[in-house]
Amino acid sequence: MTDISQHERLLIIDFGSQVTQLIARRLRELSVYCEIHPYQNVDDAFLKAFDPKAVIFSGGPDSVTRAGSPRPPAAVFDMGVPILGICYGQQVMMQMLGGQVVSGHGTAEFGRAFVTPANGDLELLQGWFKTDKEQVWMSHGDHVSQIAPGFEVYGTSPNAPYAITADVARGFYAVQFHPEVHHTPNGAMLYENFVRMAGFTGDWTMGTYREQAIEAIREQVGDKQVICGLSGGVDSSVAAVLIHEAIGDQLTCVFVDHGLLRKGEAEEVVTMFRDNYNMRLIHADEQELFLGELDGVSDPEKKRKIIGRLFIDVFQKHADGIEGAEFLAQGTLYPDVIESVSFSGGPSVTIKSHHNVGGLPEKMGLKLVEPLRELFKDEVRALGAELGLPPSFIGRHPFPGPGLAIRCPGEITREKLDILREADAVYIDQIRKHGLYDDIWQAFVAILPVRTVGVMGDGRTYDFACALRAVTSVDGMTADYYPFTHEFLGETATRIINEVQGINRVTYDITSKPPGTIEWE
Ligand code: XMP
C-alpha cells in the first residue's frame, strides 16, 4: 500500500520456519521496514527490484543435505549487502559458499543451549555476551561441520561448534540459534547490531507511515468512492479514520447492527464516527432480520453461517446504493497476509467458521483498499493513537463478528440477549474499576442455557446462570484464564446477581486455550 521505495528495506527470505514472523516483529521494533518473501518467489529480478539494504535468511524445516532443498538465488551473495543467516539460513549460506553441513546423528539440539564466545570481537555481538555463557534457543537436526572460506567462528555451543560465524569483510553473518524468539533472552540485540551495521536509520515510524499511506490511498482511489464495513473494532476503525483522512466524503462506512452488540455499542460507534469524525456512515439497523433468522437455532456453526450470510447480504444491499463505489476498504493486518512456505500441505481442520467479509470483493466486483496490510496489531493501535482515536477506544478488547450470538449457547432470545448485555456491562465495569482492563486480552460474560434455583430475600428464584470469561493472550491463538483474586470474583458475582434481573448464579471459566477456545461457541 505505502510506497515502499521511500523506505530503507530489509528482505527476509523465508525457508519455512515457524517463527519467521518474529524476525519481522523484532525489526519493526527497531523501526526497520522489512518484507518476508518465500524463497520460491525470490529470483534475480526480484532481488534487483526489491533492492534491499540487507537480507536475512530465515530458518526452515528442510535439510540442506537433501537434493532439491530450498536455496536463495546465488546472486544474493553478489549484491554487496549484509546478510544474516539463521539456523537453516546459516546452513544454506555455508553450503552455497563452500562449507559443509552434516545431518544430525547425535548432534541435534532442541531447546535451550548456551553459547560461549570464541575468537575475539564481532560487531554483531557488541554488548551481547554478558557472561561467557549466553542463553540461546536452538532447534536444529543438521549442523555446519565446516565453515566456508573467509568465515571465522565467534561463538560455540556444545552441539554447534559453529554457533556464530561471520565473514566480516563481506558482511555475511550466520548463527545456528534463533535470536528472534523469546527464549533467546537478548536476541533482539543481535538484530539491533545487524541493522545498525547495515546502515539502517530506523525510518519506519507511524508518523511517516501515516503520511505515506494517505498519499497511497489517494493515488489508488483517485476520485472513486470507497465503502467500508465498520464493526467498531480497532482494525476497521483505524482503517476508516485513515481512509477518511485521505479522501473525506469519498468514503462511506456501513455499520451493521445485527442486534448482537454489547450494551451501548451501536450508539458509541455512531457517535464516534458520525458525530466526532463527520464520516458518512450508514447505520443499518437489521436486528429484526438477524434475530428472526436465528430464532430457534442452537447449533453454533449454523449460527455463524447464518450471521455470515446475512451480513454479506445486508452489506451488499447498502453498498449497492452508493453510486460509483469501486473500492472496499478492509482492516486486513500483516499477520493475515504473510505468505509463509507451507511444508505440511494438509488441510487444517475447521474449528469455527470465522465471520468476515472475505467473499465480498469478488461478489461485488470491488477492488480492495487495505491500508493496514503491513502492520501488526500493536502498530495498528499506535497508528490509531497517531490519528487521534481515544486510547479507550484503541485499547478495546477484541469483539467477534458474530457478537453475542456465540456467547449465548443454545437458542438465542431477546430476553437472554438483554440479560447478557446487562451482566457483561457490570463485569466490564468491575474490571475497569479494578484497573485490570489493559492486563486482560479479552473479557466477557456468556449466558448459559440453564436455569438454576436460588434464594433472594425470602423468595425462591429460578433464573439463568452465567459464566465470566477473562483471558490473557498474545494473539488469540493460545490463551490462559486470568487469575482474578477470589475477592474480585466474589464482589463481581454479588454485583451481577444484585444488579441484573434474570441471573442468580455466576461461575468463572478457568479453561485455557487449547483445549478450550476463548469464545464459548
Ligand atoms: P476463539 O473462540 O476461536 O477466538 O478462541 C479467538 C479470537 O477470535 C475472536 N473470534 C472471532 N473474531 N470473527 C471475528 O472477527 C469471528 O467469527 C470470531 N470468532 C472468534 C474471539 O473473540 C477471540 O478474540
Test log, rule side chain to side chain contact (heavy atoms under 4.5 Å, CB included), inputs L294 and K303: CA-CA 7 Å; L294 287 167; K303 286 182 188 172; 4.2 Å; yes

Taking all non-hydrogen atoms of both residues into account, name the closest pair between [X] and [Y] and its distance.
X: S231; Y: F255; value: O-CE1, 3.8 Å
X: L389; Y: I394; value: O-CD1, 3.1 Å
X: R26; Y: A188; value: CD-CB, 4.1 Å
X: N193; Y: R196; value: OD1-NH1, 3.0 Å

Residues which pass ring-ring contact (aromatic ring centres under 6.0 Å, His included) with Y482, listed by chain and number, not counting sequence neighbours: F484

Sequence-distant partners of Y437, ring-ring contact (aromatic ring centres under 6.0 Å, His included), two or more places apart: H397

ring-ring contact (aromatic ring centres under 6.0 Å, His included) partners of residues 233-254, not counting sequence neighbours, each pair once: none

Plane angle bin for Y508 and Y481 - parallel if under 30°, tilted between 30 and 60°, otherwise perpendicular: perpendicular

Side chains of S58 and D14, donor plus acceptor under 3.5 Å: yes

R274 and E268: CA distance, side-chain angles, deciding distance, salt bridge (Lys or Arg N to Asp or Glu O under 4.0 Å) verdict: CA-CA 10 Å; R274 191 186 277 163; E268 203 182 325; over 6 Å; no

State, with a plain yes or no, whether a side-chain heavy atom of [X] is found less than 4.5 Å away from one of [Y].
X: R396; Y: E265; result: yes
X: L251; Y: C228; result: yes
X: Q430; Y: E491; result: yes

Which residues share a side-chain contact (heavy atoms from CB on, under 4.5 Å) with D295, sequence neighbours left out: none

Pairing residues for N276 by the side-chain contact (heavy atoms from CB on, under 4.5 Å) criterion, not counting sequence neighbours: M272

H434/F488 aromatic ring centres below 6.0 Å: yes

Output field: ring centroids W204/F376 closer than 6.0 Å: no

R469 to F444, cation-pi by 6.0 Å centre distance and 45° axis angle: no

Over-ring placement of R505 relative to F464, 6.0 Å and 45° cut-offs: no

Verdict with supporting geometry, V380 and L333, side chain to side chain contact (heavy atoms under 4.5 Å, CB included): CA-CA 8 Å; V380 172; L333 303 193; 3.5 Å; yes

Whether T208 side chain and D203 backbone form a donor-acceptor pair below 3.5 Å: yes

Residues in salt bridge (charged side-chain N to carboxylate O under 4.0 Å, His left out) contact with E267, at least two apart in sequence or another chain: none

